[in-house]
J.: 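A single structure is presented below for examination.
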Amino acid sequence: VQLVESGGSSVQSGGSLRLSCKASGFSFGNTDIGWYRQAPGNECELLAVIGYDGTTDVEDPVKGRFTISQDNAEKTVYLQMNSLKTEETAVYYCTADPPGPIMYVRPGDTCPGRRGYWGRGTQVTVSS
């Protein structure tokens, strides 16, 4: 199982980025994939999950600004992030635990979590 994030960059407040999570080594068609982020001094924060059937769940703090989607042919999950804020500077990770749902990070834990599979993360820096 391998997950590789990309697309992180430096952007100004209010800007947009699209992150990618390229998956390999498992059946993409029966596995949910999630995005988390880890900001300095903060807990590992769940952002969004996409089910193997395409259903999505976006957490309230980013709802309306972040969108999760997938390309089954490319075995890639995307996180479109709009109207970024300086406090969203963090390392962004994708995670999966094939087959089936993701393993959620326990409160107080840091990313990457201790359960499931995680990528190495991609840095997003939002400046004012």
Side-chain angles (χ1 to χ4, degrees):
V1 174
Q2 189 173 23
L3 300 166
V4 180
E5 304 94 338
S6 63
S9 181
S10 296
V11 64
Q12 286 196 324
S13 179
S16 298
L17 282 175
R18 188 178 79 158
L19 305 183
S20 300
C21 172
K22 176 72 173 177
S24 62
F26 62 94
S27 176
F28 196 71
N30 63 359
T31 300
D32 299 352
I33 293 182
W35 281 98
Y36 277 85
R37 68 186 173 195
Q38 176 74 62
N42 287 9
E43 295 182 350
C44 186
E45 181 183 14
L46 176 65
L47 300 173
V49 178
I50 187 162
Y52 63 88
D53 59 355
T55 56
T56 62
D57 187 16
V58 180
E59 296 300 298
D60 286 345
V62 300
K63 191 170 291 184
R65 298 187 297 117
F66 288 17
T67 304
I68 189 170
S69 62
Q70 65 187 13
D71 183 328
N72 290 332
E74 295 294 324
K75 297 189 71 173
T76 299
V77 171
Y78 302 100
L79 185 69
Q80 177 67 42
M81 308 186 296
N82 299 327
S83 302
L84 282 162
K85 306 173 184 179
T86 56
E87 57 265 37
E88 294 181 308
T89 292
V91 179
Y92 286 69
Y93 298 88
C94 61
T95 182
D97 189 41
I102 67 170
M103 297 296 284
Y104 290 90
V105 173
R106 295 187 178 98
D109 278 357
T110 58
C111 297
R114 285 176 281 184
R115 303 182 299 168
Y117 295 89
W118 293 71
R120 292 188 174 186
T122 186
Q123 176 71 46
V124 172
T125 301
V126 186
S127 59
S128 58

J.: State the CD-CZ distance between Glu43 and Arg106, to the nearest 0.5 angstrom.
T.: 13.5 Å
J.: Look at atom CD of Gln12 and say whether more than 12 heavy atoms of other residues, nucleotides or ligands are closer to it than 6.0 Å.
T.: no
J.: Could you tell me whether the side chain of Val58 reaches within less than 4.5 Å of the side chain of Thr67, counting heavy atoms only?
T.: no
J.: Output the distance between atom CD (Glu5) and atom SG (Cys21), rounded to the nearest 0.5 Å.
T.: 5.5 Å
J.: What's the spacing between Leu17 CG and Phe66 CZ if we round to 0.5 Å?
T.: 9.0 Å
J.: Do Tyr92 and Met81 have side-chain heavy atoms sitting under 4.5 Å apart?
T.: yes
J.: Taking the side chain as C-beta and beyond, is there a heavy-atom pair between Arg65 and Gln80 under 4.5 Å?
T.: no
J.: Taking all non-hydrogen atoms of both residues, which atom of Leu47 and which atom of Val62 are closest, and how far apart?
T.: O-CG2, 3.8 Å
J.: Which distance, rounded to the nearest 0.5 Å, do you find between the OG of Ser20 and the CG of Leu3?
T.: 12.5 Å
J.: For Cys44, is there any backbone N or O sitting under 3.5 Å from a side-chain donor or acceptor partner on Arg37?
T.: no
J.: Is there side-chain contact between Trp118 and Val105, with at least one heavy-atom pair below 4.5 Å?
T.: yes
J.: With rounding to the nearest 0.5 Å, note down the distance linking CD1 in Ile68 to CG in Leu19.
T.: 10.5 Å
J.: So, Arg114 and Asp109, do they make that salt bridge, N to O below 4.0 Å?
T.: yes
J.: Check whether any side-chain heavy atom of Phe28 lies under 4.5 Å from a side-chain heavy atom of Gln70, and answer yes or no.
T.: yes
J.: Quick one: closest heavy-atom pair of Leu46 and Glu59, and the distance?
T.: O-CG, 3.2 Å
J.: Is there a side-chain contact between Val49 and Trp35, using heavy atoms and a 4.5 Å cut-off?
T.: no
J.: Test your reading of the model: is there a side-chain donor-acceptor pair from Thr122 to the backbone of Ser6, 3.5 Å cut-off?
T.: no
J.: Grab the two heavy atoms, one from Ile33 and one from Cys94, that are nearest each other, plus how far apart they are.
T.: CG2-CB, 4.4 Å
J.: Would the distance check show the side chain of Glu74 and the main-chain N or O of Asp71 forming a donor-acceptor pair, the cut-off being under 3.5 Å?
T.: no
J.: Atom CG in Asp32, atom OG1 in Thr55: separation rounded to 0.5 Å?
T.: 6.5 Å
J.: Of all the heavy-atom pairs spanning Cys111 and Tyr36, show the shortest one and how long it is.
T.: SG-CB, 3.8 Å
J.: Do the numbers put Arg18 on top of the ring of Tyr78, so that NZ or CZ is under 6.0 Å from the six-membered ring centre and no more than 45° off the axis?
T.: yes
J.: Measure the shortest side-chain to side-chain distance between Val11 and Ser16 over non-hydrogen atoms and say whether it is less than 4.5 angstrom.
T.: no
J.: Taking all non-hydrogen atoms of both residues into account, name the closest pair between Phe26 and Ala23 and its distance.
T.: CZ-CB, 3.5 Å
